[in-house]
2 protein chains.
Amino acid sequence: MAKIKSKTNGTKKEVIVDAATRLFREKGFKAASMRDLAEAVGVEAASLYNHIQSKEELLQEICFKVANAFNQKCDEIEASGIANIRKVEAILRFHIQQMFNHYEMVIVADREWRHLSDPYLSNYHNQRRAYRKRIAGIIEEGIANKEIKDVDAPTVVLIMLHAVNGIESWHRSKEKISPKQLEENMVLIMIEGLKA
Amino acid sequence: MAKIKSKTNGTKKEVIVDAATRLFREKGFKAASMRDLAEAVGVEAASLYNHIQSKEELLQEICFKVANAFNQKCDEIEASGIANIRKVEAILRFHIQQMFNHYEMVIVADREWRHLSDPYLSNYHNQRRAYRKRIAGIIEEGIANKEIKDVDAPTVVLIMLHAVNGIESWHRSKEKISPKQLEENMVLIMIEGLKA
DNA sequence: AATATACAAACGAACAGCTGTTAGTTGCAT
DNA sequence: ATGCAACTAACAGCTGTTCGTTTGTATATT
């Protein structure tokens, strides 16, 4: 039985991915060096390669973990029988909650995925496009059902998905309103404005 | 000898800044090398330094050009005597239009300003914070006047300023609605939802 | 209980390539 | 002939990564 586990919980690789997430978020993928990462983990740069294959693998892990979370939640919401406007609201709320609980991961995926290389790059890119089309589809159904105002669905998707990125600033601001208040405000502004 | 061709009324430095803007947008500041930039301009890397002082100077130029444009427009709007909700709408419309006409510049400034170094970094950072507070102030006045719904003003600012970044995706999408349509949709969704 | 074995995981040194930038030189238009 | 703007060559430092080796420790054998 090999002891691969680190002190508290999770494999050493997970520790490395966590540190990479923090580092990529604050310096950007290109500007964060493996030596920086090694220092953050408390180890020499060469030692990292006992646990990972490459720097890019770290970015892959981050990007697809985020993508999977959103796709999975979207499956769940789409399967539920609730009204389309409610589905849109649920998706928005999930994005907001992810930005509270795992914002470094989400931000890194959103900002640095372009640095993936090609089997992964186009995979991620396709998933991203498909995800947006999916949400646009829900909105268009809602418009057809007259639950939702007659607006351009892809535009609503753009607004929603980018608006939640603003929560990054909230994390660093001093006078924070509570997460719940922020969520309710966002939903109020973005969903109430949509209702027919 | 290859020579930098200057447009009818633009210095060679402006040609370089324009190419840098394009390059920084598509590869990111760190990933874009001076040799990449030189190739885009049609010149050897060393030759660039006859016109600029450093790579960072290019980023400074981009960031502060964008910041100045927004600050200036905000002065103008604030000075006009229109209702607060109208001011917010005017600011939103200006952001949208800037994202249509100069989106590479705006995106680079928004995404890469962290790579500035310190006199410029904190200057930019302060301007950014001040700008957001300014808009939040207008919104709060509007709430006090009962023109605007009782929402958290900083949250509205976050949503608005980040939502317009979605226009970057519009630039690369195939089935584009017209700029005017997009603008009207955005205003409809984001401003109508605010009105008291 | 002491020893041997096995193997994960750390290390220092080195690599080849790229980074921004400088120096010195040369060509071209005025 | 003066000077701007291009060139080539080179720099010192950093990049991700590989190599061979050593260390620590959990298990198996004695």
Side-chain angles (χ1 to χ4, degrees), chain A residues 1-21 23-24 26-63 108 112 114-118 120-121, chain B residues 1-21 23-24 26-63 108 112 114-118 120-121:
Chain A
M1 306 276 195
K3 179 178 177 181
I4 327 167
K5 307 285 180 182
S6 151
K7 304 123 198 165
T8 50
N9 52 343
T11 67
K12 188 96 191 187
K13 180 168 177 177
E14 287 173 327
V15 173
I16 294 173
V17 173
D18 284 357
T21 304
L23 213 65
F24 292 169
E26 65 183 29
K27 307 185 87 171
F29 176 73
K30 268 285 177 183
S33 78
M34 293 305 277
R35 286 166 180 85
D36 290 337
L37 176 57
E39 194 183 1
V41 173
V43 108
E44 289 300 312
S47 308
L48 296 171
Y49 288 85
N50 288 316
H51 306 278
I52 63 164
Q53 289 188 354
S54 66
K55 186 186 184 186
E56 203 194 301
E57 191 202 3
L58 294 168
L59 186 56
Q60 288 162 17
E61 210 114 339
I62 296 166
C63 288
V108 169
E112 312 288 349
R114 292 159 220 268
H115 294 105
L116 292 170
S117 58
D118 210 354
Y120 301 95
L121 179 61
Chain B
M1 232 177 218
K3 212 175 176 187
I4 294 180
K5 48 180 176 180
S6 46
K7 299 176 198 166
T8 46
N9 40 338
T11 70
K12 292 150 193 179
K13 182 169 176 178
E14 285 172 329
V15 174
I16 294 173
V17 173
D18 284 356
T21 304
L23 213 64
F24 292 169
E26 67 182 28
K27 307 186 90 173
F29 176 73
K30 268 285 179 182
S33 77
M34 293 304 277
R35 285 166 181 84
D36 290 337
L37 176 57
E39 195 183 359
V41 173
V43 110
E44 289 300 313
S47 308
L48 297 171
Y49 288 84
N50 287 318
H51 305 280
I52 63 164
Q53 289 188 354
S54 67
K55 186 186 184 186
E56 203 194 300
E57 191 202 3
L58 294 168
L59 186 57
Q60 289 161 18
E61 210 114 341
I62 295 166
C63 289
V108 168
E112 312 288 349
R114 293 159 219 268
H115 294 105
L116 292 170
S117 58
D118 211 357
Y120 302 95
L121 178 62

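No hydrogens, no waters, no symmetry mates; every other heavy atom, side chains included, goes into these values.
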Next item on the list: State which residues pass side-chain hydrogen bond (donor to acceptor under 3.5 Å, both in side chains) with Asn50(B); sequence neighbours excluded, sorted by chain then number.
Entry: none

Next item on the list: When you get a sec, tell me which of dA10(C), dG20(C), dT8(D) is the closest nucleotide to the side chain of Ser47(A)?
Entry: dA10(C)

Check: Which of these, Asp36(A), Asp18(A), Val108(A), Leu58(A), sits in a side-chain contact (heavy atoms from CB on, under 4.5 Å) with Leu23(A)?
Finding: Asp36(A)

Note to self: Expressed as a whole number of angstroms, how long is the span from Leu48(B):CG to dT19(C):P?
What the structure shows: 13 Å

Note to self: To check you understand the geometry: which heavy-atom pair defines the closest contact between Met34(A) and Ile52(A), and what is its length?
What the structure shows: CE-CD1, 3.6 Å

Check: How close or far is atom P of dC18(C) from atom NZ of Lys55(B), stated in whole angstroms?
Finding: 15 Å

Next item on the list: Please tell me which of the listed nucleotides, dC11(C), dA10(C), dT21(C), lies nearest to the side chain of Glu44(A)?
Entry: dC11(C)

Next item on the list: Please tell me which of the listed nucleotides, dA10(C), dT15(D), dA10(D), lies nearest to the side chain of Arg35(A)?
Entry: dT15(D)

Next item on the list: Mind calculating the distance between NZ (Lys13(B)) and P (dC4(D)) to the nearest angstrom?
Entry: 16 Å

Note to self: What I want to check is whether an N or O donor and acceptor connect the side chain of Asn50(A) with the base of dA8(C) at under 3.5 Å.
What the structure shows: no

Next item on the list: Among the candidates dT17(D), dG12(C), dC7(D), find the nucleotide nearest to the side-chain atoms of Ala46(B).
Entry: dC7(D)

Item checked: dA5(D) phosphate, OP1 or OP2, under 4.0 Å from Lys12(B) side-chain N/O -> yes

Notebook entry, point to check: To the nearest Å, how far apart are Leu37(A) CG and dA10(C) P?
Noted result: 12 Å

Notebook entry, point to check: Given dT15(D), dG12(C), dA6(D), which nucleotide is nearest the side-chain atoms of Ser33(A)?
Noted result: dT15(D)

Next item on the list: Could you check how far NZ of Lys27(A) sits from P of dC14(D), rounded to whole Å?
Entry: 12 Å

Notebook entry, point to check: With a cut-off of under 6.0 Å to the ring centre and 45° to the axis, is Lys30(B) in cation-pi contact with Phe29(A)?
Noted result: no

Notebook entry, point to check: To the nearest Å, how far apart are Glu39(B) CD and dC7(D) P?
Noted result: 12 Å

Notebook entry, point to check: Between Lys30(A) (NZ) and dC18(C) (P), how many Å, whole number?
Noted result: 11 Å

Next item on the list: Check the distance between dG20(C)'s C1' and Leu59(B)'s CG and give it to me in whole angstrom.
Entry: 15 Å

Next item on the list: Indicate, with a heavy-atom threshold strictly under 4.0 Å, whether Ala32(B) touches base, sugar-phosphate, or nothing.
Entry: sugar-phosphate

Check: Given dT17(D), dT21(C), dC11(C), which nucleotide is nearest the side-chain atoms of Met34(B)?
Finding: dT21(C)

Margin query: With a cut-off of less than 4.0 Å, is there a side-chain N or O of His51(B) near OP1 or OP2 of dC4(D)?
Written below: no

Notebook entry, point to check: Quick check: does any side chain N or O of Glu61(B) sit under 3.5 Å from a backbone N or O of Val17(B), one acting as donor and the other as acceptor?
Noted result: no

Check: Which listed nucleotide (dT17(D), dG20(C), dC11(C)) is nearest to the side chain of Tyr49(B)?
Finding: dG20(C)

